[in-house]
Each structure stands twice: as C-alpha cells, then as structure tokens.
Amino acid sequence: MSLRLSQGGRLIDRSKPVKFSFNGKALSGFAGDTLASALLASDHMLMGRSFKYHRPRGVVARGHEEPNALMNIGAGVFFEPNQRATVTPLREGLEAASQNHWPSLETDIGAVNGMLSRFLPAGFYYKTFIHPRPAWKHLFEPFIRQSAGLGKAPKEADGDQYEYLYQFCDVLVAGGGVAGLQAALRTGREGKRVLLLEQAAVWGGRAISDGDELDGQSAEAWVAQAVAELEAMANVTLCLNVVVSGVYDHGYVLAAQALPDHLPGGESPRERLWRIRTGKVIAAAGAIERPLSFAGNDIPGVMLAGAMRDYLADFGVVVGPRSVVVTNNDDAYRTAFALKAAGQAVPLIVDARPECDSPIIAAARAAGIEIAFGSAIAKVEGGKRVTGVQICAQNSAGSALREIACDAVAMSGGWSPAVHLFSQAGGKVIWDEASAFFRPDATRPPTGDDGVPFVSVVGAANGYLEAAQALADGAGEPVPDGVQAAIAAVWRMPAEAPAKLREKTWLDFQNDVKVSDVQLAAREGFESVEHAKRYTTLGMATDQGKLSNINGLAVLGDALGREIPQVGTTTFRPPYVPLTLGTVAGEARGPLFQPLRKTPMDAWHDSQGAYWEPVGHWRRPYCFLRGDETPEQAVAREVTNTRQNLGLLDASTLGKILVKGPDAGRFLDMLYTNMMSNLKPGRCRYGLMCSENGFLMDDGVVARIDEDTWLCHTTSGGADHVHGHMEDWLQTEWWDWQVYTANLTEQYAQIAVVGPQARAVLERLGGMDLSAEALPFMAWAEGELAGIPARVFRISFSGELSFEVAVPAGRGLELWQRLMDEGEALGVMPYGTEALHIMRAEKGFIMIGDETDGTVIPQDLGLNWAISKKKTDYMGKAAQARSHMTDPERWKLVGLETLDGSVLPDGAYAVGAGENAVGQRNMIGRVTSTYHSPTLSRGIAMGLVVHGPERMGEVLEFPQISGDVIKARIVSPVFFDPEGERLHG
Amino acid sequence: MQFRRRHSAFAIAREALRHHEGWQRTWEDRPLRRKYDAIIVGAGGHGLATAYFLGKNHGLRNVAILEKGWLGGGNTGRNTTIIRSNYLQDPSAAIYEKARSLYETMSQDLNYNVMFSPRGVIMLAQTHHEMRGYQRTAHANALQGVETQWISPQKVKELCPIINLDGPRYPVLGGLWQPRGGTARHDAVAWGYARACSDMGMDVIQQCEVTGIRSSNGQVMGLETSKGPVDCDKLGIVVAGHSGVLAEQAGFRLPVESVALQALVSEPIKPCMDVVIMANTVHGYMSQSDKGEMVIGGGADGYNNYNQRGSFHHIEETVRALVETFPMVSRLKMLRQWGGIVDMTGDRSPIISKTPLGNCFINCGWGTGGFKAIPGSGWAMAELMAKGGSPLADPFSLDRFREGRFIDESVAAGVAH
Amino acid sequence: MLILTCPYCGVRAEETELAPGGEAHLKRVDPEGSPEALEEYLFHRANPKGVHFERWRHAYGCGKWFLAARDTVSMEVFGTYPAQISEPPQELIDTIRARRPGWEPV
C-alpha cells in the first residue's frame, strides 16, 4: 500500500492540512503536496484508466512527463480535463475525478478491451470495420470515439483570466537545476541580462532530493547560496513555476507560468504566457527517466525509480513497505538507499547488467542490499496494484528463477536528456552509444537571424547526468568523467521475451502501445520511425513520448536489425508540455477579441438604436432600430425618408488618402484606370483602381485640392490596403517620383447629407454658399459650416441631392448633432449601411465586394467610360489585354427584375441549356446584388450575365436549391431616376 | 481489384492466434528497375492516387512511385484531414466533389479502413458579406451536383452545441452546410493506396531522391536518382512544395511559392463535436478526431518558408478565434503544434497540367486544400497522363496564368482551406 | 517569429510589425511587354530553398518598404536594404557568398 511516513517530505507543511476530494470521496493532504502525492499518501494507487484497453493505472512519474495520472479537475466554469496530478498543487477544496472509465474507476466496463487486447493490436482498425460501408460512420466510429478520449469535455466558457508578459533578455536559461543555476551565475556575472525560468516550485532540480554534494556543500546549501547571489544581481530575473514551452526562430521563446497564488475565479490571472525575445538560450531542462520494458510494467505500484525517490524526499510518501528496484544503470541504486534510510524494505536490486562495480554498487553491497546482476523482471504480478515480481535471467526467455512478494517496483531504464528545446528550433541530436541516449549535437545547433548558434545545452540535458558534471558544464568548465558504472542498453526485459510477455510489456502507457505493437509495425513495413509512430500511436499521447520514444525506437531498430542512429528520431514539436489554449489566447477574448474602430459619432449611434455591422475592424450601423421595428422595416423607412426628406449617413469610415507632390498627377494616372492629372482643382471625379492582375480592387471619388494635391476617397474596408498599395509603388518602383501620401481616414469625420432637403439643412447651419451655381455637381468647396471648418463635396451615391461634409474628427459629433437639430423640422433621420446599399443599387451603382469579387474587371461592369483610352499604361492595363480578359463570353453587368416582383435570392445563378464536360449545369450568369426596393416596392437586382447588355428584355431562369425556378428579365441596371433629375435637387 | 491478402475481422482473429506474427508487409520493398511505362515522383497521397488510377482505370501497371523520404511523409500526414467539396467555381467543385465521392467508397475500394467519416462540414458566416458569399456557393453547388445548403444559426447550434452564436464581434449569421463532408485518417489514405499499388505490381520505392531529369527533343527520357538511373515513357511530378526544384531540373518554371501552414491538436477528450467547423472570418477551423483530440488549423505565413515551423502569432490568432467561437476550448491544452510546407499558386488553385516536355506532367499547387482532393486529383492526373487530356484536369492547366483564366476560390468569402 | 532590421529606422522589428510582400526585384511589365514577359512578371517566382530576396514593409513602424536577403530554410537574414534599388547591393552579395559557398545570384 502507499502511505505517508511519519517523517520527511521537504516540500510539505504538516501543520497545514488541506482538504480535497477524489471521485467524490473527502480526503486530506498537506500544503505543498501535489494531487498525486496526496492521493498516494491516502493509498490511492489507482488513478486512472488507459486510453485503449482501459487498463488500471497509477502514477509512474513525478513531473510533467506523467502519462497515467490525468484527472478531471474542478467543476462548472473552472472544470478542466487531463490535468496531470503530478504537477497539480493541492489546494483547499480541490475536486478531482479520474478519467476514462464507466461506471467507476474500480469497475470499468471498458476493461473488456483489455481482455480482447490480443484482437486489438496496433492498427487493427485499418484492417477491419470496412463492411458494410455505412457501419463505420454509424456504428464503429461512435463506439471508438466514445471509448477513446480521456477527460470529459468542458461544457462552459472559462471563468478565469489569462495574460501576456513580454520579456527581453540577452540570455534565457531554461531550467533552474544545478546546471541552469550555474549558467545563470556565469552569464549574470558577465553582466548579461539574464532570465532564469524553472518549471517546478523550487530551485535545484533533482540535486536536493537526490542528496547530492556540490563543491563540498550539501545541495541544499549550494542551491540556496546560488539563488541568493542571483537574486542580488540587478541584471538577473528569476522565476519559478514557469515552463519554457517552445523555442522558435530568431530567439523567440514562449513560456507558461502557472500562478501559484491563483484561486479559481480570483481577480488575478490563472496563467501567464511569457513572450520572450532572447539573444541566446541556454537549455538546462535536465533529463527524463525511462521505464524498462518488462511484462506488467504498467501495473499500479511500478514507478520510475527517480520518481519514487522524489515522492519520498519531497512528500514523505512511499509505496511500500517492500520495493524491488530494477535497473540497467547506477542511478536507481539511490532509490534503494533512500528507501532503506526511510525504513523501507528493499529485498532485491535487479540489475540487468553483467556484474560490474562502481562506488554506488559498492555502497549497496556494504549496506547489505542484495543485488542480482544479469537479471530481469520476467513479469510483475498483480492487477490493480503490484503484489510481486518474477525474476529471471536477462538473457533468457523469461522462465522465472524466483518470485518475490513486494508492493512496489522502482524501475530505471536510464535517463534521456531533455533535448526538446534544442531540437524544436532546428538543432540536431546524435546517438551516444556508450550512454544509450540522444544528446544535442553541438556542431548542428539551431541558428539565429545572424546565422550564429543561439541555443546551447548544459547539464543533464546535454548528457551530463551526474551532479558534479552538471556543475562543471553549467559553469562552462571542462566536465569531469563520471564515477558511475556504464549503463547497459536494455530495451527488452528479458532479452528473449516470448510473444505472451511482449504483449504485456508497455512502451507508451497512456496510448497502450506494447513492444509487440512496434514489432508488428516493423513486420508490416512501417520502417520509418514516423510510420511506426503513426501506425502504433507511440509517443502521441499527452506526454508526447517523453517516457516512450527512446524505448520504442530501440524496439523498432531491433525488429528491423538496424542501429538506433539508422532508425533516427522523430522531430520534437512545441509545446514542451501541453499549453492551455486560454493562455495562448490571453486577454484577447470577449470585447477585447479584436481591436474595434469607432467613428466620432459611434456613441450617438449606439444610443439611438444602431444595429451594428462589422466592416473590417470598424463597426457601422446597418440601420437604426426604432421601437419594435425589424431591421428590414427600419431599412425601408430609412430609404423612403431619405428619398422623400432628408437622411444622414456617417461616412467617416471611408478611406481618405492625401496624395501630394509635383508628380502626384502622374502617379494617380498610373493608379487609376481613368485620368486624374487633368482634374481641375475644386472638382471631383469617380475613379477605379485595379490590381496588376487587372481585377477591380477599389473605387472612390477623387477631389483635386490644389495644383499638386489630390484627396482620394476609398472604400471603408480598403483604405489601409490602398494606402499600402500606393506606398508600395512609390517606394519600390517609382521612387524617383516626387509624391507623398498620407492616410487621413481617421483625421476627418464625414457625413453624407442626402435627400431633397439636403441643401436646406446645410443652409440652416450657415457659413457657406452651397447653391447649385456656387457648388455644382462633382465640385467641392472649403469653408465653415456652423462655425466648424469643413470641406463640402457635392457628390452622390444615392441619386439624391447630396453633400458629403468632412470636418476635423474631433468636431464630427458636434456637426452630426447640429444636423439632427436643424434637420428635425425637415424630417431628418439617420440611415445605415443597408439603406446606403439599396439606394445605390436602385441607381445601378456598383459596390466593391458585391459586383466585384476579385475576378471582375471594370470592363465587365460597363465602366469603360471610366477607363482612359488615352493612357498608354495604368495598373492592370497589360493584364486586361490577355485573351481571357477580352473574351466576349465574359459575363457583363445588367439589371434583373423578377417577373413577379419578388426579390431574387442572394447569389442565385442563371442556367442555360445542357451540362458542361464534367456534368454540371451550364451557368450563364449570376446575381451580384439583390434587394427589395422600398422606393419601387419590388425586388431589384444586379447581375453578371453572358452577353448581358445585348440581351435586354430576355427572361432568364434562376433555379433554386429547393428545385423551384425564379424567372427574371434582363433590364438596365439603373432602376430609379434614369435621367438623374433628382441629383440636382 | 485483387489483394494478396484481404483485410477483415476474420483475418485479425486468425492472426491473433499466432500472436500477429503472420502479417506481411503492407507494401513490398522492391528494387528500382531500369525502365517503367510511367514513373510518378512523389509518394504522397496525390502521387500514390495517380499511380493507383493509372493501374485501375487505364491498365498501366508497369509503374514506379519514387519517394525521397518516407511515403505519405509530407502534407498528406500533416493536415487537418478535412474533406469537403463546397467550392464555388465549377472546376474546383468538380474535382473536389469527384474526390469526395471517391472517399465515400475508399475503404472498400482499397480494402483498407481510411475511416472516412462523413460527419458534415459547416462553414460559418459571420458577416453579411460572408453570408451572401455562402448563399452564392450554395446556389452554385446545387447546379454543380454538390449537396450543400444554407442553414440558420439555430441549425448550426443544433449540429454543434459547443458553439457560441453570439460572439460580441462576429455573431454567427448562418452557415454553409455540407452534410457529406467530413474527415478521414490521413496516413491511412497513403498506406492504403501504397498497398493497392504494390498489389497491382507497381514498385513503391522510398528513400529514392531524383537528382536529375534526362530529356531529349522535348521529351523526358529518364531520371537520375539516388538509386541509379531509370528510364520511363511518361513522367508525373507530384511533389507539392518541392515542385519548383523538380521543374527546374526539367527546365521549366512554375507559378508557385512555398509557405508554412500550421496546425495544432489538443489533448484528447470525450466526444463533444460531431461536425467540422470552419470560421473563415476569424481564421480558425476545428474538428474532433476519433482519438478525441480537437484538430485545429489556421492561417499560413506570408513569407517563403521550407522549415515546417512557421510563426507562432498565427497559432495565437487561430486559438483566439476558437476560444471566441467555442468558449469551452479555453481550458483544453495544446498538445502539439506543427507546420506543413504548402505550395501556393498565383490564383491559389492547383495545377494539373502538361508541361513544356511532351511526356512530362505536373500536379502541384494544392496549397491549403490538398488532402480533400487526393482521390480526385489522382483520378484526373492519371487520365491526363494516360489520355493526354481530362475534363477534370483541363481547367487547371498551366496556360491559364498566361490567359488570365483564374480559378479563384477566395472570392466566395474568405480563404480556401 | 522573425526579426528583421528596418534599414530606415534601424529598429530590429518583430514579424508582427512587418508585412511580407513577396519576391524582390521583380521587373514591372507594361502594356508593351509580351504575354510571356507579363506572365513571368505576374506569376513566376523564384521560390528557392535557400537564399531569397524579398520585400517587407515596416507596416506598424515607420511604414517603409525594404528588402531582405533571407535563407528560407535556416531563416538566416544576410542583410536588409532600402527598396530603392533594382539589384541587391554588391556588398550583400559578397556577404552571402562568404556564408554560402557555392551560392550564386540567379
């Protein structure tokens, strides 16, 4: 049984009991416990069920690499699945529940998969469930999905907050063990800006719980002294509970900090994402212990030897009282000593190596611990917990030489340097045959923007596993030889284990990948490590192969008769440990999801029932709702009122780009399809802009301000793009042209004053002569309106008498309010984007994004009048001469009217006779804009139709998805006031 | 077709009795011969499918598929496994629907369970502009023989209860629903095709890099490879992001650029999402794998990249979008993040085309949409190689760039994935 | 997450401040050009696995367009330079040659 000893546990505070629950049962631990240590302390060795066979599983590791003890934690908005119990700090009231079982952890129906495991080898699902065809979707897949998965899905939005922290440093040291502390000391003393981050809640890595001696002091004293010196350095920042998650190109590093003082729903953030730019990274992430591959190595009570020692030293917890140690290296002997020292029985150290000697082996002998060299565990006895082991010779097929009753097995297959950070950014690793691990290849490190290596590795992560070596390596000094006896590469235990043992020997605990599965993959030709991984799912569990990868690789190599370096390794991908998605999203959620651009009149709109529509990052009123109106009713009212009385539109979002300089005219002639250089000051002209591919990109009214200044209006969504486009050509192609541009979009508020009463309301404001004589159509004037400096553009996008008034942004609201006040007697109403769209469609004006979609050229839209014949060049002209662009079969703009007056559905297509070469109906046209016109009380539409303008009066058929067919007649796109009389008021 | 050994539940039970020690190689490991009727360079999904249909539809079996790494190791095994055909333009809808319909029976055709799961795909409309775009697509699809429909926000919620319809910035206004879209097990597609090709007598040759293309009088004569020279009557280049390198060896240039496209998966959780959702306004898409992982894709980098890493801020943007759209994912954890190198053409649509070399054909430029197209792409490419023309492939010819004959899918609102 | 030094304002700019603009030194083809030349200009891209000359705009900084020579595999940046030039500066070519023996400009 597992229990807490009456003494020991450097991290716990026995004076502070902490209550928590597990599967609804009230339990208690101490402050400083992890959930895993507290569960072990209360004899809960069974902590979960495996992914595929639903095998009973207990905790196997101490830290982030834990594959088994994953829990559902919390409830409601604080519920989180798949929390590793080994790194979940115990706190008062914590609710934990084990995963992947039904009806209960103890009695799990899914365990039948385990009994059938012989019929469910790796990849069995590729070979079956093939017939009958619908069965996969409706029968097999739902069953597989239900039995797979681990934790439950959260049901609610997250109740916690997250934030970003930005850091810049010369050196980032990832890992606060001995080597990392040394590296931080070294670089800190050099005066570098150093950031030292440690994933655990304490400094010193393994050294303290291992009881190492460093520079003649206890590890505890050495670490305390090192941390004190670092804390005293102004140029060093050090922080615990921060996992370095990923190293990216050019020194970009992500780290995740779990805030230890956070309580669910508290004011402070739960986690913090550190976004770091560093000159160099020193990776000191230590090493991760490997399991050994023997039958039954997944039974609760079998643990990594290092983890078992940690639980004892850190929390005073043991699985005991009798523990067998099984190893292929010296390190696990320490576990035997630690257990002995705590009064536990260690009946045997099973050492797979041939008899060898080293100081630690000698010490074990001296302590009277029995060692069986050249031996192996043939099989672990037990179901939901270990009851004993069968011992055999390593070089055998597993016939048991003796049986030992025990409660726990401490296993060590050696340690793998944590090369992840080095590898993520492009560093290569090499196989170290003598030490049986991959270590970073210092000759092929990741390089930075300057081509110089920027990630180096020290300590155990660099393959120096002993404390004295890590101490030297971290300090940049020559590394002494180790004193441990050599590891033996033992990848299968025993070496000749028959199939029935291999089928019970786990490589990847969580995903239930066994030695026999990897051998099967090799047999079936999945020889590449990537193939084998994908075929068996080895290393794809939540620990991402931290425990299983090397063992799996070795088994694969063995099966293929290849050495490990020839098999190769998989690529390490970020994150190093799973990273909460909420942490990645940070504060950008809800109202802060994306920046929101607002016009100066935004608050007024909001208070007057604005029904908002996103336009790029802007929000614009789609319409203004009054009383119980639907948006459709509001839009109709706004259109009718504007046409009959007076409407105001907030046009501030329109792009306003000033183009100025001696060559500005020449430049605009290149940018627009029509001529802008010959526009007279004081006048306006509608212009079209195309991409170099010939497609219509943007449109708007250009006003010439003075001899060398033009003001270009663009669409709301296109302003930034058009400005960038202008700058692109000015800076990178015609850099000798003397032209300056400025994007003034946000400098001006702009209001369209539209309708028969437009002039009247402006006259009431006073200050400018806006008569038809003084300000004719397509002219503009500068002056003061109601005491506000203003530019008035006499332009119209509605077909009505219309003025667009631009004033400094800070006075926009004032003007708007004055217009509303003065307009009240004239029947003024604000209108939104939909009324704008309808009115322009009634007049047959095109809208970028409706009539255009990135494949339409101005010639398609009957805009040839806006394409200069005189100019030898403009953007897109060359492309518009290509054969497909001049094809007479291109669809051209027309108006469409349904025969019954109904509204054509958005996006409907017209069909011709027959089908094309691939059996699709032949399409001959489509609807680009379609509305109910309140003015005409019927549906109106614009569309692109093959030979459209030549087919006036023809009736087209628009089949609906329902099967109905709507008939519509081709008409002129100008539905209202074709003579343009209203324009002049 | 005839398989050497058929897969079935019975076969598994039989092998289980001998501890699965009787299974054979999925595809044979054969040496490179000196001459083939046709060689396909690139053993990704598209290359293997091309070879498969050369054999199955056109009786051409003296074929080698050469792969410089391991088969299926490129974008075939690095995508988010979405299958749909709700494209706007006729040529795209045709080839993607061909592909989708072939996915329906792929497990049976290949006697290999590729786990095609027609669970349905919803493309969310979150602006009025997007809404009109998808309504247009729905109309076009009806005429193209692609089964899609425009659905209401309530129906979206019904199909995907974890969605938040009322995001403060981009409320869900509806969606384009393709009920027979879905997902499949990506690696299995490559493995299944490789097995079928091998069983037809074709040589699937891994670790074989093409180092040169021999040509004479405008015809390819053969290849230089890391496993020696080889002659062929016809050559198909199907190497995605590495097309530029091969084209250069063959002496022509392509309108293609390579960029990194990133994806990520969460830790596995119990089933909570039975459809695939794509939200193009906010650049995120998500589905749940059979293992229970939430499979998430996002946008591509804007710069040329061959290193399969990509920039993290794209991941951030995607995750933000998904936390906004599916608030419950906030407390899930990202397990793994990776990038694939995708080849993008000038109009973001693929190239399946003849080349300046008479007997050399190229299939590339699938950009972000390659996996869903695999069987249709192979079908069309095989027909083009066998007959010199193919109604499915012809619109995707290289000369469209000179003519300005774009097949632009981005017009349907947002990006194509 | 790349860092590129803006040659105008000298800022070592984060990728998020920058807007990528594709291949550098393309020669614009006007309506007098041949269809082949136009196709080349509009579509054909170098797309090398290695040294790439490319355009960037310091969009959320000084607003200037500049050019960079970058390795598309290792992400090494050999140098950045102002956009008002029709070929890479000789000095930069020399730098690249020194770091990538055997490399020659196309």
Side-chain angles (χ1 to χ4, degrees), chain A residues 80-82 118-119 121 124-130 137 141 144-145 148-154 157-158 248 499 520 523-525 528 530-531 534 542 573-574 578-582 584-585 588-591 593-594 614 849 853-855 882-885 906-909 917-918 920-921 961, chain B residues 7 9 12 16 19-20 23 25-27 70 73 90 94 107-108 112-113 117-118 127 129 132 135-136 138-140 142-144 168-169 187-188 267-272 290-292 312 316 319-320 323-324 327-338 391-392 403-406 408 411:
Chain A
E80 179 163 343
N82 298 333
R118 194 160 174 186
F119 299 96
F124 74 96
Y125 30 73
Y126 300 120
K127 298 171 186 159
T128 183
F129 306 142
I130 296 173
K137 165 81 170 77
E141 186 183 42
I144 285 183
R145 286 186 70 188
L150 285 171
K152 290 181 189 155
D158 195 338
Y248 299 82
L520 174 63
R523 193 172 301 130
E524 294 193 88
S528 141
E530 283 288 348
H531 277 163
R534 288 154 183 261
T542 60
R573 305 275 180 203
L579 181 58
T580 305
L581 292 175
V584 175
R589 61 179 67 211
F593 170 51
Q594 277 181 355
D853 63 0
T855 65
R882 290 176 296 179
S883 61
H884 185 65
M885 299 295 202
D906 263 311
Y909 278 79
V918 287
Q920 301 166 327
R921 294 286 298 274
I961 297 166
Chain B
H7 286 156
I12 291 181
H19 299 287
H20 299 283
W23 292 105
R25 297 185 62 93
T26 309
W27 57 88
W70 42 281
D90 288 354
S107 295
Q108 293 74 38
Y112 204 82
N113 189 354
S117 171
T127 64
H129 182 252
R132 289 193 293 270
Q135 287 172 350
R136 177 181 166 191
H139 280 104
L143 300 172
Q144 291 156 340
R169 289 302 296 277
D187 292 319
E267 296 181 327
I269 51 172
K270 291 293 176 191
C272 64
D290 287 346
K291 273 187 76 181
F312 190 75
E316 282 179 359
V319 169
R320 278 178 207 150
V323 168
E324 200 59 19
M328 53 75 72
V329 304
S330 179
R331 289 179 94 92
L332 301 184
K333 292 181 278 292
M334 172 165 91
L335 181 56
R336 181 169 69 245
Q337 156 206 349
W338 69 95
L392 283 173
E403 297 165 5
R405 186 171 43 79
F406 274 26
D408 191 340
V411 308

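Values below: all heavy atoms of this structure, side chains included; hydrogens, waters and symmetry mates excluded. Throughout, a chain's letter reflects where its sequence line sits, starting with A, and its residues are numbered from 1.
For the set Pro327(B), Ser330(B), Gly292(B), the count of heavy-atom pairs under 4.5 angstrom toward chain A peaks at Ser330(B). Heavy-atom pairs under 4.5 Å with chain A peak, among Ala138(B), Gly404(B), Ala142(B), Gly73(B), at Gly404(B). Ranked by heavy-atom pairs under 4.5 Å with chain B, the list Phe119(A), Phe124(A), Phe593(A) is led by Phe593(A). Between chain A and the residues Leu335(B), Thr127(B), Thr26(B), the largest count of heavy-atom pairs under 4.5 Å involves Leu335(B). Of the listed residues (Ala188(B), Ser107(B), Cys272(B), Pro118(B)), the greatest number of heavy-atom pairs within a distance under 4.5 Å of chain A belongs to Pro118(B). Options Val329(B), Asp187(B), Asp290(B) differ in how many heavy-atom pairs under 4.5 Å they form with chain A, and the most are formed by Asp290(B). Chain B forms the most heavy-atom pairs under 4.5 Å with one residue out of Pro591(A), Gly849(A), Ala908(A), Ala917(A), and that residue is Ala908(A). Counting heavy-atom pairs closer than 4.5 Å to chain B, the top-ranked of the candidates Gly582(A), Pro81(A), Pro154(A) is Pro154(A).
The shortest heavy-atom contact between Val323(B) and Ala585(A) is CG2-CB, 3.9 Å. Taking each heavy atom of Phe312(B) and Val584(A) in turn, the nearest pair found is CZ-CG1, 4.0 Å. The shortest non-hydrogen separation linking Lys270(B) to Gly149(A) is NZ-O, 3.8 Å. The shortest heavy-atom contact between Thr580(A) and Arg331(B) is CG2-CA, 4.3 Å.
In this structure a side-chain-to-backbone donor-acceptor pair under 3.5 Å is present from Glu324(B) to Gly590(A). Using modelled atom types, no side-chain atom of Gln337(B) and backbone atom of Arg573(A) make a donor-acceptor pair closer than 3.5 Å. Under the 3.5 Å distance criterion, the side-chain polar atoms of Lys291(B) are left unmatched by any main-chain donor or acceptor of Arg145(A). Side-chain N or O atoms of His139(B) include one that pairs as donor or acceptor with a backbone N or O of Asp906(A) at under 3.5 Å.
A distance of 4.0 Å separates CH2 in Trp70(B) from CD in Glu530(A), rounded to the nearest 0.5 Å. Between the CG atom of Leu143(B) and the OH atom of Tyr909(A) there is a distance of 9.0 Å, given to the nearest 0.5 Å. One finds the NE2 atom of His20(B) at 7.5 Å from the CZ atom of Arg118(A) (value rounded to the nearest 0.5 Å). Distance CG/Leu581(A) to CE/Met328(B): 10.0 Å, rounded to 0.5 Å. Separating the OG1 atom in Thr855(A) from the CG atom in Asp408(B) is a distance of 7.0 Å, to the nearest 0.5 Å. The structure places CD of Glu524(A) at 10.5 Å from CZ of Arg25(B), a figure rounded to the nearest 0.5 Å.
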Verify side chain to side chain contact (heavy atoms under 4.5 Å, CB included) between Asp853(A) and Arg136(B), making sure each step is shown before the conclusion.
CA-CA 12 Å; Asp853(A) 63 0; Arg136(B) 177 181 166 191; 2.8 Å; yes

CA sep, side-chain torsions, deciding dist, call: Arg320(B), Gln594(A), side chain to side chain contact (heavy atoms under 4.5 Å, CB included):
CA-CA 9 Å; Arg320(B) 278 178 207 150; Gln594(A) 277 181 355; over 6 Å; no

Going through the distances and angles, do Leu579(A) and Lys333(B) end up as a side chain to side chain contact (heavy atoms under 4.5 Å, CB included)?
CA-CA 5 Å; Leu579(A) 181 58; Lys333(B) 292 181 278 292; 5.9 Å; no

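For Lys152(A), the salt bridge (Lys or Arg N to Asp or Glu O under 4.0 Å) criterion is met by no residue, not counting sequence neighbours. Listed by chain and residue number, Glu141(A), Arg119(B) satisfy the side-chain hydrogen bond (donor to acceptor under 3.5 Å, both in side chains) test with Ser117(B) (two or more places apart in sequence, or in another chain).
Residues Pro578(A) and Leu332(B) fail the side-chain proximity criterion, which asks for heavy atoms closer than 4.5 Å.
Tyr126(A) touches chain B through backbone and side chain together, each having a heavy atom under 4.5 Å away. Both the backbone and the side chain of Ile130(A) come within less than 4.5 Å of a heavy atom of chain B. Looking at Ser528(A), only its side chain comes within 4.5 Å of chain B, counting heavy atoms on both sides.
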